[in-house]
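Numbers for residues simply follow the sequence, beginning at 1. The shown structure was predicted, so the numbers you read here are calculated from the model rather than taken from an experiment.
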Amino acid sequence: MALSESSQNSLALAPALEAWRQLLGPDQVDDAATARQRYGQDTGAQQRELSGALRLPAIEARNAAERASHVDRLVAQVLEIARQYRQALHPISTGRNWGYGTALPARSGCVLLDLGTLCQLEVDPELGVASVEPGVTQEQLAQHLKDKGLPFLVPVTGAGPRCSLLSNALERGYGVTPVTDHYAAVTNLEAVMADGSRFRSALREAAGPELARLFKWGLGPHGQGLFTQSGMGVVTRLSIALARRPDAIQACLFSIPDDARLERTVEAMRALLQRLPGLIGAINLMNRHRVLSMSAPYPWTELDPQGLIPPEVLLRLGRQYQVQAWTGFCTLYGTRATVAAARAELRRALGPLASRLLFVTPDRAAFLARATARLPSWANGLKRLTQTLRSSLELVAGQPNETALPLAYWRNRRAAPQDVPREPHAHGCGLLWYAPLVPMRGQDARRYADMVHEVARAHGVEPLITFTTLGERVFDSTVPILFDRDNPEATARAQACAAQLLRRGQALGFFPYRLGIQAMADLRELAPEACAWHRRLRSTWDPEDLLAPDRYC
């Protein structure tokens, strides 16, 4: 009797793992059980069967060109073994894609290709372009800039210091420094295709790496975008332009006391971005729920029968922590004179709407945190608030930190570990992200916020909403779906909530800018023509669909 394709692939797994051990070394290859233990935990409680995992060994080279050649040749050999034994591979960098699948592939039966050991980094000290390998983290770039005394900002995110710069840019992530759109700042990338061939832009091939990393659009058809949110190839190097540290950095915090002012606040934000291009980083507008999740302990003993915070408790916590219906946060970057002028514009635009408008520098925030740290226990709420403010100001000044990571622990009944880096997947946190694009109109923001409240509460999920401006026309709204991962019922409700938010939002005209592994099948259903085009293109280099199968197609 003929074996099925899956049975044949299973029989070929053992010789494939042995071939990879011969190539990479025995300690660099995990079998299925070890891979599951090392990489299998996911904040979204998704389950995928892993066939194994590979890590590249340390690579010694005399210069950057020789190293690039060694890395690409080794990756090509890994891919050749995958083709020979028909084993699907899923590349990862640091595997900290929290809320979107962590290190897991979109499809079961893959061997992970962990590129986190590739940590080569260089920065042009005059022109401010960083060239990084997949394993380079926000923290490593920050340390490099500090050691070399270079006046540039790290393109930080809320995911934390130990997350990959390359992977965030390829996933089209964004942040709050002047370089808001991280992929927009990517100038050049190099990759190895599934068939072992190399991708280099025409400008890179004809003129070399120097010009290629200084001019994003290159020469001829612009192929680099094909490697974002795709499994088109294994990206081994990426160059990204860094923002220069400005003379002045000042954050603006504003409080909107009444939810009924949401629409007018959105219109004022859009007008500010139109009038002050380049001076304002992204503006964040967070509801009371979201701010409290970053500053107050979860009130486990005061929940309603649905297991949610009652409105009266939410209001009391808001008074205690000085958190109103909506809180805005943005950063001004420029010279002292331009920042002062922009500050006056913010006062005029937001003053009629806000009950409180506060401007603070990173140095001032650090002073406030030190001052309140000496207060007695009755001021714990104020102390936590000023500590969060200080960390947030460090973040917008390009210093990666864990400011946003406590959010993932808010509904985690396990005690958060002390004095160790936060690893939400390893610490039992339940987190899924819903991150749709929302037009920057007041009425659209209202329709969207009402929908999130309705769907989240129906599933026992606290409705935590942030609107983040991406330019002057559209928000990305991030909604963290937090749940107790040790509770199967809570896990099921959270996953159902994520699925319904996707569908309800899509019906209203809102759709995510990125997707978790659980939503790839939804994309194939909702965008069949685009996915079919993507698969036809992939088949040119990957006819057997072995590299990151089912990822965004």
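Less than 6.0 angstrom separates the ring centroid of Y448 from the ring centroid of F467.
Looking at heavy atoms from C-beta onward, V234 lies out of side-chain contact with L89 at the 4.5 angstrom threshold. Side-chain contact between I465 and R290 is absent, with no heavy-atom pair separated by less than 4.5 Å. Contact check for L242 versus V179: no side-chain heavy atoms found under the 4.5 Å cut-off. Under the 4.5 Å side-chain criterion, counting only non-hydrogen atoms from C-beta, P125 is not in contact with K148. Taking 4.5 Å as the limit, every side-chain heavy atom of F475 sits out of range of all side-chain heavy atoms of T468. In this structure, the side chains of S164 and V132 stay at 4.5 Å or more apart for every pair of heavy atoms. A heavy-atom distance below 4.5 Å is not found between the side chains of L165 and L238. For the pair L405 and P421, the minimum side-chain heavy-atom distance is 4.5 Å or more.
Going from atom CD1 of I517 over to atom CG of N97 covers 9.0 Å, rounded to the nearest 0.5 Å. Residue T117 holds its OG1 atom at 7.0 Å from CD of Q28, rounded to the nearest 0.5 Å. Interatomic distance, CG of L150 versus CZ of R244, reported as 9.0 Å (0.5 Å rounding). Expressed to the nearest 0.5 Å, how far SG of C330 lies from CD1 of I280 amounts to 5.5 Å. Atom CG of D124 is separated from atom OG of S239 by 10.0 Å, given to the nearest 0.5 angstrom. Note that CD of Q140 is 5.0 Å distant from SG of C119, once rounded to the nearest 0.5 Å.
Side chain to side chain, Q22 and E18 meet the donor-acceptor criterion of an N or O pair below 3.5 Å. A donor-acceptor contact closer than 3.5 angstrom links the side chains of T157 and Q138.
In this structure, G99 and T43 approach most closely via the heavy-atom pair N-OG1, 3.0 Å. When all heavy atoms of L482 and L407 are compared, the closest pair comes out as CD1-O, 3.3 Å. Between E402 and P161, the shortest heavy-atom contact is CG-CD, 3.8 Å. Residues C163 and W98 come closest through the heavy atom pair SG-CZ3, 3.9 Å. For the residue pair Q399 and A142, the shortest heavy atom distance occurs at NE2-CB, 4.3 Å. Considering every non-hydrogen atom in both L395 and P400, the closest pair reads CD1-CA, 4.1 Å.
The environment of Q443 atom CD is dense: over 12 non-hydrogen atoms of other residues, nucleotides or ligands sit within 6.0 angstrom. R441 CZ: 12 or fewer foreign heavy atoms inside a 6.0 Å radius. The local environment of CD in E205 is sparse, with at most 12 non-hydrogen atoms from other residues, nucleotides or ligands closer than 6.0 Å. Other residues, nucleotides and ligands contribute more than 12 heavy atoms inside 6.0 Å of the CZ atom of R503.
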Step by step, work out the side chain to side chain contact (heavy atoms under 4.5 Å, CB included) result for R213 and L127. CA-CA 10 Å; R213 63 175 172 246; L127 302 179; over 6 Å; no

Given the rule in the side chain to side chain contact (heavy atoms under 4.5 Å, CB included) test, do H425 and L104 qualify, once you have shown the distances and angles that lead to the verdict? CA-CA 11 Å; H425 65 303; L104 296 181; over 6 Å; no

Under the criterion side chain to side chain contact (heavy atoms under 4.5 Å, CB included), I'd like the reasoning laid out for Y39 against H90: C-alpha separation, chi angles, the key distance, then a yes or no. CA-CA 12 Å; Y39 299 99; H90 178 74; over 6 Å; no

Intermediate values then yes/no, side chain to side chain contact (heavy atoms under 4.5 Å, CB included), R524 and M520: CA-CA 7 Å; R524 291 192 291 275; M520 298 300 171; 3.9 Å; yes

Worked verdict on Q229 versus R172 for side chain to side chain donor-acceptor pair (under 3.5 Å): CA-CA 7 Å; Q229 294 189 354; R172 302 183 200 143; 3.1 Å; yes

Show your working on side chain to side chain donor-acceptor pair (under 3.5 Å) between T466 and N284 and close with a plain yes or no. CA-CA 7 Å; T466 296; N284 283 339; over 6 Å; no

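Of the possible polar contacts, one joining the T469 side chain to the I283 backbone as a donor-acceptor pair under 3.5 Å is found. Without hydrogens or angle criteria, R48 side chain to A106 main chain gives a donor-acceptor distance under 3.5 Å. Checked by atom type and distance alone, the side chain of D542 pairs as donor or acceptor with a backbone atom of L546 at under 3.5 Å. At distances below 3.5 Å, not a single donor-acceptor pair connects side-chain atoms of R198 with backbone N or O atoms of V192. The closest donor-acceptor contact from the side chain of T228 to the backbone of G225 lies under 3.5 Å. A distance-only check finds a donor-acceptor pair linking the side chain of R245 to the backbone of A397 [under 3.5 Å]. Of the possible donor and acceptor atoms, one in the side chain of S108 sits under 3.5 Å from a partner among the backbone N and O of E49. Formation of a donor-acceptor pair under 3.5 Å by the Q46 side chain with backbone atoms of Q518 is not found in this model. K216 contributes no side-chain N or O that, together with a main-chain N or O of A185, makes up a donor-acceptor pair within less than 3.5 Å. Within the 3.5 Å criterion, the main-chain N or O of Y552 finds a donor-acceptor partner in the side chain of H534.
With respect to the salt-bridge test (charged N to carboxylate O, under 4.0 angstrom), the residues E171 and R551 qualify. R535 and D545 are not joined by a salt bridge, as no carboxylate oxygen comes within less than 4.0 angstrom of a charged side-chain nitrogen. A salt bridge between D27 and R55 is absent, with no side-chain N of the basic residue lying under 4.0 Å from a carboxylate O of the acidic one. Ion pairing of R270 with E472 is absent here, as no side-chain N (NZ or NE/NH1/NH2) approaches a carboxylate O to less than 4.0 Å. Salt-bridge formation is not detected for the pair R83/E544: no Lys NZ or Arg NE/NH1/NH2 atom is positioned less than 4.0 Å from an Asp or Glu carboxylate oxygen.
None of E133, E60, E190 except one satisfies the salt bridge (charged side-chain N to carboxylate O under 4.0 Å, His left out) rule with R67; the exception is E133. Paired with Y513 under the rule ring-ring contact (aromatic ring centres under 6.0 Å, His included), one option of W433, Y434, Y174 passes, and it is Y174.
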